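Have a look at the structure below, then the notes.
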Amino acid sequence: MRTLHKELKEHIGKEPVSIQGWLHKKRLLGGLTFINVRDRSGVTQVVIKDKDEVEKLRGMQIGTVLEVQGNAIDEPRAPGGIELHDAKITVMVPVTDEPPVEIDKPLSHKPDNLDTLFDNRVIGLRNLQETSIFKIRSELTRSIREFLYQHDFVEINTPKLVAGAAEGGAEVFKLDYFGKEATLAQSPQLYKQIMVGVFERVFEIAPAFRAELSATTRHVSEVTMLDIEMGFIDDHNEVLNMVQDMVYSVLTRMYDEQGDTLKSLRAPELVIKPEFPRYSMAEIHQLFSKETGKDTTKEVDLTPEEEKWICEYSKQHDGCEAVFATGLPKSKMKFYHMANDDDTAKSADLLFRGVEISTVPQREHRYDKLVEQMKAAGIDPAHPGFSHYLLAFKHGLPKHGGCGFGIDRFAEKIIGLGNIKEAILFPRDINRLAP
RNA sequence: GGGCUCGUAGUGAAGAGGCAUAUCACGCCUCCCUGUCACGGAGGAGAUCGCCGGUUCGAAUCCGGUCGGGCCCGCCA
């Protein structure tokens, strides 16, 4: 029976155990050989003295799948204090090709070397530092789910093959669908609003596809989005508070439970408060222009430089590196957003560590007003991509709001990486479709 | 789509007209090594310097083109 690395302590001084895993490292010292064997729970050090056993590993490269039988020993000199002695080696899957990248020391994440990193991704992901990134990401989505379940949200799955663009205007991937033209969903926007009429509170964690020709450290063509939508809200603030509480809860829990892993990845210290500062975009333009001398007061949206600046400003002045930028100008709002009486919309961007990770609007739930805004945006309400959507409103949708939330960007910023792609297993961008 | 940049063994880097038979580290191969943990020591193999053309007595190095990356802007998650 197989014993995992994490279970070894229960077997110290007892019957011999058998571990299975990948050869992670060899150190031959002559009469004494150390090997590291990696399984899903960790890396076990094995001590081999028998020359015949060492000889079984001759020519076997890192990645060789092994079974090792031996005695678990309490040994202070071993990493983790436990190691395997009197080892009997069985090579289960021999590997004779040397790996294209080394997996026992950190891989280069320099921008110039990202192409090599992703070309060799299949093997590079076995590097323990890469593994840590995706362990953090897994914990992130787990804790988001738990928070939302606790608040009565129902997890849904909506179609990714759709008849029309969800938001009109943005670039979409078009494809042939049995002779008809379909697109890959760039957002579950319409479906999640429809589902408010069913469950009140819904969320989805799923890919969204963006065909924009962007080549920056924060864009990819396939993103993982957390989409949240909640009905029967009092006002826009209720949505902001829900997203704020979720982010606060997830971040503090992450730093609490995964502190060692974050430290090993050299993640920045967390500077956060339960209530995130809220600045209007107009305020940010004014503050930024005053402090830097660069006039942005005529900008409609925040510039990337302002996004970085306001997060740093808020970190210094408010002790919180997560901040809401409220009051999106009406000229930038989508047809399904709710407008304010002035020239702004009920929408806010959540910024964290210098980048926009979420947009948090209240929706226009009044049928007539919505149709009016659709027409103004040049959308035909009778189009099959939209007529079903409108049906949900005709038959009663309460005041509601939600968010689109970039999981990749959030994971990237939590860990302190420099490029969104580093937080994605197999990233897709304008020139990468494999692996 | 616009602008700016970078391509040197499997990996990461140095070399910026002739000192070059292209240097170093990791990895790989051979040998030595009984407490390593980025083990150590000795030796070895591995690169038509992305590709094509030009300038020059001479090009990894300068110029032009081309292919492939990266970064920034626009747009957004």
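The structure presented is a predicted model; accordingly, all values stated were derived computationally and were not measured. Protein chains get the first letters and strands the later ones, always in sequence-line order, with residue 1 at the start of each.
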Across the strands shown, which category fits A:Thr116 at heavy-atom distances under 4.0 angstrom: base, sugar-phosphate, nothing? sugar-phosphate
Below 4.0 angstrom from OP1 or OP2 of B:rC29, is there any side-chain N or O of A:Gln61? yes
In whole Å, what separates the C1' atom of B:rU48 from that of B:rC52? 14 Å
Between A:Tyr248 and A:Glu275: side-chain donor-acceptor atoms closer than 3.5 Å: no
Using a heavy-atom cut-off of 4.0 Å across all strands, would you classify A:Lys332 as base, sugar-phosphate, or nothing? sugar-phosphate
Between B:rG69 atom P and A:Lys110 atom NZ, what is the distance in whole Å? 18 Å
Among B:rA77, B:rC71, B:rC73, the nucleotide that comes nearest once only the side chain of A:Arg218 is considered: B:rC73
Does a donor on one side chain and an acceptor on the other come within less than 3.5 Å for A:His400 and A:Gln193? yes
For A:Pro99 and A:Met60, find the nucleotide of RNA chain B closest to each by heavy atoms; which residue's nucleotide sits nearer the 5' end? A:Pro99
Send over the distance from A:His109 NE2 to B:rA13 P, rounded to a whole Å. 13 Å
A:Val247 side chain near A:Phe405 side chain, heavy-atom distance below 4.5 Å: yes
When rounded to whole Å, the CG to P distance for the pair A:Asp227 and B:rA77 reads 10 Å
How is A:Glu412 classified with respect to the nucleic acid when contacts are heavy atoms under 4.0 Å: base, sugar-phosphate, or nothing? nothing
According to the Watson-Crick and G-U wobble definitions, with both distances under 3.5 Å, which nucleotide is paired to B:rG35? none
Among the nucleotides B:rG70, B:rA77, B:rG1, whichever has the atom closest to the side chain of A:Leu213 is B:rG1
Only pairs with both distances under 3.5 Å count, Watson-Crick or wobble alike; so what is the partner of B:rC62 in this structure? B:rG54
Each nucleotide in nucleotides 34-41 of chain B should get exactly one letter: B, S or -. Can you fill that in based on protein heavy atoms under 4.0 Å? SBBBBB--
For A:Leu107, which contact category applies under a 4.0 Å heavy-atom criterion: base, sugar-phosphate, or nothing? nothing
Would one find more than 12 heavy atoms of other residues, nucleotides or ligands at under 6.0 Å from atom CZ of A:Arg142? no
side-chain hydrogen bond (donor to acceptor under 3.5 Å, both in side chains) between A:Glu269 and A:Tyr255, intermediate numbers included: CA-CA 9 Å; A:Glu269 292 293 316; A:Tyr255 272 77; over 6 Å; no
If only side-chain N and O atoms of A:Asn113 are considered, is one of them under 4.0 Å from the OP1 or OP2 phosphate oxygen of B:rG69? no
Classify the nucleic acid contact of A:Ser358 as base, sugar-phosphate or nothing, counting any heavy atom under 4.0 Å across all strands shown. sugar-phosphate
For B:rA9, does the O4'-C1'-N9-C4 (purine) or O4'-C1'-N1-C2 (pyrimidine) torsion place it in syn, i.e. within 90° of 0, or in anti? anti
Both distances under 3.5 Å, Watson-Crick or G-U wobble: report the partner of B:rG1, or none. B:rC73
Taken to the nearest whole Å, CG/A:Asn431 to P/B:rG1 is 12 Å
From CD1 of A:Ile430 over to P of B:rC72, roughly how many Å is that when rounded to an integer? 13 Å
At 4.0 Å (heavy atoms only), tell me whether A:Ala208 reaches a base, stays on the sugar-phosphate, or touches nothing. nothing
C1' spacing across the pair B:rG50 / B:rU8, given as an integer number of angstrom: 10 Å
How would you label the contact of A:Asn419 with the nucleic acid (heavy atoms, under 4.0 Å): base, sugar-phosphate, or nothing? sugar-phosphate
Under the side chain to side chain donor-acceptor pair (under 3.5 Å) test against A:Asp408, which residue among A:Lys413, A:Lys421, A:His219, A:Arg137 passes? A:Arg137
Is there a side-chain hydrogen bond (donor to acceptor under 3.5 Å, both in side chains) between A:Thr344 and A:Lys346 once you walk through the steps? CA-CA 7 Å; A:Thr344 62; A:Lys346 291 186 194 298; over 6 Å; no
Spacing of the P atoms in B:rC51 and B:rA9 (rounded, Å): 10 Å
Residue matched to B:rA42 through Watson-Crick or wobble contacts both under 3.5 angstrom: B:rU30
Close approaches to RNA chain B from residues 259-273 of chain A, in residue order (heavy atom, under 4.0 Å): none
Closest to the A:Ala215 side chain, choosing from B:rG74, B:rC76, B:rC72: B:rC72
Please tell me whether A:Ser41 and A:His5 have a donor and an acceptor in their side chains that are separated by less than 3.5 angstrom. no
Among B:rA77, B:rC6, B:rC73, the one nearest A:Glu356 by side-chain distance: B:rA77
Taking only the side-chain nitrogens and oxygens of A:Arg58, find out if one of them lies under 4.0 Å from OP1 or OP2 of B:rU30. yes
Sticking with atom P, work out how far B:rC31 lies from B:rC72, rounded to a whole angstrom. 50 Å
Using atom C1' of each nucleotide, how far apart are B:rG46 and B:rG27 to the nearest Å? 11 Å
Determine, stepwise, if the pair A:Glu146 / A:Gln150 fulfils side-chain hydrogen bond (donor to acceptor under 3.5 Å, both in side chains). CA-CA 6 Å; A:Glu146 286 178 5; A:Gln150 280 163 14; 5.4 Å; no
Side chain to side chain donor-acceptor pair (under 3.5 Å) partner of A:Ser18, chosen from A:Arg2, A:Gln69, A:Glu67, A:Lys88: A:Glu67
Polar pair under 3.5 Å, donor/acceptor by atom type, side chain A:Arg210, base B:rA77: yes
Distance, rounded to the nearest Å, where A:Ile144 contributes CD1 and B:rA77 contributes C1': 13 Å
Among B:rG10, B:rA77, B:rG70, which nucleotide has an atom closest to any side-chain atom of A:Thr359? B:rA77
Could you walk me through whether A:Glu412 and A:Arg409 pass salt bridge (Lys or Arg N to Asp or Glu O under 4.0 Å), step by step? CA-CA 5 Å; A:Glu412 175 209 343; A:Arg409 283 187 184 177; over 6 Å; no
Gap between atom CG of A:Asp50 and atom CD of A:Glu53 - 0.5 Å precision: 5.0 Å
Note: for A:Gly59 and A:Arg432 on RNA chain B, the residue whose nearest nucleotide lies more 5' is A:Gly59
Identify the nucleotide, in any strand shown, that forms a Watson-Crick or G-U wobble pair with B:rG12, with both distances under 3.5 Å; if there is none, say none. B:rC24
Could you check whether A:Val355 gets within reach of a base, just the sugar-phosphate, or nothing at all, counting any heavy atom under 4.0 Å? nothing
Taking only the side-chain nitrogens and oxygens of A:Thr217, find out if one of them lies under 4.0 Å from OP1 or OP2 of B:rC72. yes
When the distance from CG of A:Asp112 to C1' of B:rU11 is rounded to whole Å, what number comes out? 15 Å
Indicate whether any N or O donor in one side chain lies under 3.5 Å from an N or O acceptor in the other, for A:Thr292 and A:Lys290. no
Roughly how far apart, to the nearest Å, are B:rA22 and B:rG68 at atom C1'? 23 Å
Gap between atoms CD and P, on A:Glu212 and B:rG74 respectively (whole Å): 13 Å
